[in-house]
Structure formats: structure tokens, C-alpha cells
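Read through the structure below, which is laid out as C-alpha cells, and then see the notes.
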Number of protein chains: 2
Amino acid sequence: MTNNEPYYEDEAVQLYNGDALDVMVELARQEIKVDAVVTDPPYSSGGNMRSDKMKDVLTKYSQSGTIRSYGTFEGDHRDQRSYFAWSHLWLSLARQITKPSGDLFAFIDWRQLPTLSDAVQSAGWLWQGVGVWSKGYGRPNKGRFSAGHELVIHATNGPKEQKELYAPSVFTCPIEHDKIHLSQKPLGVVDWCLQLVEKETLILEPFSGSGTTLVAAKASGRRAIGIEADPQWLETIAERCQETLRLF
Amino acid sequence: MTNNEPYYEDEAVQLYNGDALDVMVELARQEIKVDAVVTDPPYSSGGNMRSDKMKDVLTKYSQSGTIRSYGTFEGDHRDQRSYFAWSHLWLSLARQITKPSGDLFAFIDWRQLPTLSDAVQSAGWLWQGVGVWSKGYGRPNKGRFSAGHELVIHATNGPKEQKELYAPSVFTCPIEHDKIHLSQKPLGVVDWCLQLVEKETLILEPFSGSGTTLVAAKASGRRAIGIEADPQWLETIAERCQETLRLF
DNA sequence: GCCGAGAATGAATCCATCC
DNA sequence: AGGATGGATTCATTCTCGG
């Protein structure tokens, strides 16, 4: 991370500025352990995830040489492979700082679900299911299904403890119209995932974006560690967290 | 196919008895071309352990204590590699007998979606999207998402023609309580897929099961070719088709 | 015909036990 | 790195049936 101090901190939230991989390496070094990872990673439209850029990252972080070569049959082959490799990296680091049997929730669209679910499993997580966030309405698409939902991969770090927690697999919640971030999820969508995570736990969100996961964690009496690489979002996240009351 | 004659035939439906691959080879030889493939193949899912996967479908997909009994079906015990290879085979044959820009709809669960979407693409189809059939409720699952939805892969045989057809990506429809086949889909679910297929077209269902796809096709003024390997289902399918009025 | 109580149901999973 | 079998468990929703 650019430095080891949080950019923002309150009684429930720590927000770090820096690349997700860098900060997670530091968190691992400090032997910090979280109960769950709830995150909305870049879906990779391809533009900012090119393989030449990836080469640096892979050289820097390739640890155990476990990055397997892989290709789907879709789109630009190189972009798919580098998305897989990069996903494998952050998922492996995230698992290192997650307690045994802790949960992972990673949002993704249908196009990247196979690549991300492969990366989740190759990083050592046990895939437990897929949830559907139905937006209730989607942009119509000539001759195709409308774009009316997103998916979330659920996995655990090793065998699941039996917990008396339940959540429906399909959750309907309209998009917020006053959202400030392109891929911002409604609070309700994060709360839905947190139904499967016990109260008073510590949540990690390596791609904080507008900070929705951190706000949902704090508002539900949990604590959260957030990471965001883009400085333009830091102040927004800090403000949203500060405005949030921590309820138990 | 066991022979080249349909087991059943009416003004809208042809039903063949035989292995899907064998019959499709014969259809290809006859240069028959369909407008769309709408199918519900065996999922080969269920069970993280091999011993669970090998069980009869009625054992592995239902709970003990259930009184109702369905007819069983075969071909649901493949491991990942052979499931991919077998899926590639039937999808390649299905594409051979589909018109250019014709549609494919294949139902699958979350566990097998990555494998089946790989097979769809390796067989030459263009992946166009994923639809979600929400059952409205799901079997509760401790610490996991409930089992409340199934997915359907949409693909086309080559680039899409622009068609003025639309369908939502999430479709909510309860399970039919008087179903006779373990994996029987409600008619409404097939109709939802057929929203993206023009009227008066010819539909192929290589894994007819209880015949729902054939009934939905006939009832909506389309024609259909059905294939079913298991003789125990043939008479049921024929009866359901015969009872169906063809409406335009 | 309406309502409420009780029973049945679900494209599973985990685990003990036996061979 | 055994493989197969069967029983217990989970609860929201729907169905059945009697009052």
C-alpha cells in the first residue's frame, strides 16, 4: 500500500488507499483475519485489464506458480486469461486473510461467471452457490434476454460450519436512481448477502468503489476493512461511512 | 435411432425413441433444419462426493420421507470431464441441424453452468446470455443460498439476425405441484424462452423427458421434433401432445 | 365459499455404517 | 487418496381437508 496508515478510520470501518493486491499483502503480513469477503470486483470490460498490463502484476505477485493456463472459448483469449490470472491472485490473497470456514461473496455478470468461478476454486475456495440479484427491470435487448440481473458467487474457506442462517437465492431490488458510482449496488443487496454472515463480524471489501459494502457492514453492527485504489472515491467513502450509524 | 420411424406423430410433433446422439445423426443425414433448440439436458449435478453423484436421480435429488415417486431417468452421473465431452457432442450435432442464426436454450443449474457454457461455445454456438427461472421460493439451505432458481443458457448458431423479440432475463414461475417428471419445467418457463423465437417455427428437444417443450411448441402454433431415450416416457409424451390444441 | 390446521414438497447434502 | 447405501435434516410455500 502507499503507506500503512488507513486513509479513514472510525469505530467500525478502516479504509485503505492503494492497490487491492498491495494492501492485502500487508494485511496478511499483519496476520489480520476477517470473517467474510463481500466484494464487487471489476467485471473487466477488457479495456483496463489488458495482458501487457497484467504481465507486471503477474511477475510481481506470482507466488507458488499455481496460475494455471486457461482459456475460455469466448472473446479475446488473452483478456480472458489475464482476467483469470488476476482474479486468482486477489482471491488467493483474500483467502489468506479469511478465517477458516469464512465466506466469500463476489458479484459478477453472466459473461464472466465461468472464469470467476474457476478462479474462486483454483484459489482454494469451496464454491457453495450462486445468488441472483434481480433488478426487477432490465434494458430491453433485441432477440436476447434483457439485462435485468447480476450474479453473486458464494464460496467458503474450507468446509462450512453449520450456521443457522438462511437467504433466498433470488433477491429482487430495484437499482438506485441517485447512485454516484457506475456499478453501485443498493444497500439491500449487500444486506441480502450478509444474511449468511453472523453479526458482529469483520468484513473485507478489496474493491470498495462507492463504499456500499462498508456502509452496510457498519449499519448492521459489523466492522469492515475497505480498500480503494482510486483516490477520487476515498473522500466519498469516508463521508458515507461517517454518516452511517452503527446499529446492533 | 432404433428405427427411422417416429414413435408418435401429429400435425405439429414428431417424437423419436432413441439416444439423442443417434437420432440427431440421422436427422443431420436427412438434412433437416430446425429454427431453435429448446432443451433440458441431464445436469449430472448434485453431490460433492462421487458416491452421491452416482446415486439414482430420485435418491440424490429428493429427500427421504418424500412419498410421491417420479419415474427415474438415465445419464445423470457423468463426472466433469465426461460431462463436458458429452455436452460438446450433442451440442455440435444440435448445431448441425439448426438454421444459421437459430437459437439454443439449454437449462442448467449453477454448478454446471461453467462447464455447459464452455461446451456450448466449443461446439460453435455464440453465447448470447443467461436467463434465470426463479421458482419464487427454494429449499432452505443452512448457511447457503436456498435452491430457488435454475439457469438457462441462450446462444445462437452464428451472428443474430435482428429480431423484434424481447424477453425479461428473470422469469418468476412456481413449480407445478402435479408434475410427473422429477425435473419437469412448467409450461410458462418454456413459453418465456419461446418469446425470443418467432412464431410458426420448428423446435428441437433432444431430451424430451415429460414432453413439456413439445407441448409448449405445439400450443403456441409451432412444430417440434422430440427425442427421448427412455421408453417409459414415450407414451406420456404422446398423450400430452395429443391432448394439446395447436393455437395460432 | 372461506378459513385454518396439518401435511406434503423440493434438479440435496452430510454423515454413519456397511461391504 | 475405497466405494456404496441409507437415514436425518432443513423450512417457506403449497396443498388437502375438514369445519
Side-chain angles (χ1 to χ4, degrees), chain A residues 101 126-132 154-156 158-172 192 195-196, chain B residues 38-80 83 87 105-116 130-153 171-186 188-190 193 205 207-213 230 233:
Chain A
S101 96
L126 287 184
W127 192 12
Q128 299 284 4
V130 168
V132 178
H154 177 215
T156 54
K160 190 170 54 70
E161 279 172 13
Q162 293 286 325
K163 287 183 282 187
E164 291 286 339
L165 299 169
Y166 299 92
S169 69
V170 180
F171 181 75
T172 302
W192 162 54
Q195 287 176 23
L196 295 177
Chain B
V38 180
T39 188
D40 195 13
Y43 292 180
S44 283
S45 188
N48 290 321
M49 279 161 271
R50 195 180 121 81
S51 64
D52 275 333
K53 194 184 271 292
M54 295 305 288
K55 288 179 181 178
D56 178 87
V57 288
L58 297 183
T59 309
K60 75 174 172 180
Y61 294 136
S62 21
Q63 299 168 109
S64 61
T66 301
I67 289 165
R68 179 185 309 169
S69 65
Y70 300 105
T72 187
F73 56 89
E74 293 294 318
D76 198 72
H77 45 76
R78 294 177 174 88
D79 65 24
Q80 286 299 309
Y83 187 72
S87 298
F105 296 89
F107 286 89
I108 198 65
D109 71 356
W110 60 269
R111 218 185 306 267
Q112 296 287 34
L113 180 79
T115 301
L116 191 62
V130 168
V132 178
W133 167 35
S134 171
K135 304 177 183 181
Y137 78 100
R139 169 182 305 187
N141 232 333
K142 226 182 223 180
R144 301 174 171 186
F145 290 123
S146 66
H149 71 278
E150 288 178 38
L151 303 166
V152 55
I153 291 177
F171 181 74
T172 302
C173 177
I175 299 172
E176 283 171 354
H177 200 262
D178 55 348
K179 68 180 190 179
I180 52 177
H181 190 283
L182 175 68
S183 63
Q184 186 173 336
K185 306 278 176 286
V189 171
V190 178
C193 294
E205 163 58 291
F207 309 99
S208 297
S210 59
T212 305
T213 300
D230 190 337
W233 291 108

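The chains referred to below are lettered A, B, ... by the order of the sequence lines, with proteins before strands, and numbering in each begins at 1.
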Side-chain heavy atoms of R139(B) within contact of S146(B), under 4.5 Å: no

Euclidean distance, Y83(B) OH relative to Y43(B) OH, rounded to 0.5 Å: 8.5 Å

Options dT14(D), dA11(C), dC11(D), nucleotide nearest the side-chain atoms of E164(A): dC11(D)

Pairwise 5' ranking along DNA chain D for M54(B) and K142(B), keeping only the more 5' one: M54(B)

Touch class at under 4.0 angstrom, heavy-atom based, for K53(B) against every strand present: nothing

Sugar-phosphate only, base, or nothing, as touched by P41(B) at under 4.0 Å among non-hydrogen atoms: base

Point-to-point distance, once rounded to the nearest 0.5 Å, from OG of S44(B) to CD1 of I108(B): 8.0 Å

Integer angstrom distance from the C1' of dT9(D) to that of dG10(C): 13 Å

Short N/O separations, protein against nucleotides 13-19 of chain C, under 3.5 angstrom:
{"unit_1": "dT13(C)", "atom_1": "OP1", "unit_2": "R111(B)", "atom_2": "NH1", "d": "3.1"}
{"unit_1": "dT13(C)", "atom_1": "OP1", "unit_2": "R111(B)", "atom_2": "NH2", "d": "2.5"}
{"unit_1": "dT13(C)", "atom_1": "OP2", "unit_2": "G47(B)", "atom_2": "N", "d": "2.6"}
{"unit_1": "dC14(C)", "atom_1": "OP1", "unit_2": "R144(B)", "atom_2": "NH2", "d": "3.1"}

Touch class at under 4.0 angstrom, heavy-atom based, for Y166(A) against every strand present: sugar-phosphate

Strand partner of dT10(D), provided both Watson-Crick or wobble distances fall under 3.5 Å: none

Side chain of Y137(B) - closest among dT13(D), dA11(C), dT14(D): dT13(D)

Assigned partner base of dA11(C), Watson-Crick or wobble definition, under 3.5 Å: none

Rounded distance in Å between the C1' positions of dG1(C) and dT16(D): 16 Å

Smallest separation among heavy atoms of H149(B) and V130(A), with atom names: CE1-O, 3.1 Å

From S183(B) atom OG to D109(B) atom CG, the distance as rounded to the nearest 0.5 Å: 11.5 Å

Interatomic distance, E176(B) CD vs dA8(C) C1' [rounded to whole Å]: 17 Å

For the student: nearest non-hydrogen atoms of L58(B) and Y70(B), plus distance: CD1-O, 3.0 Å

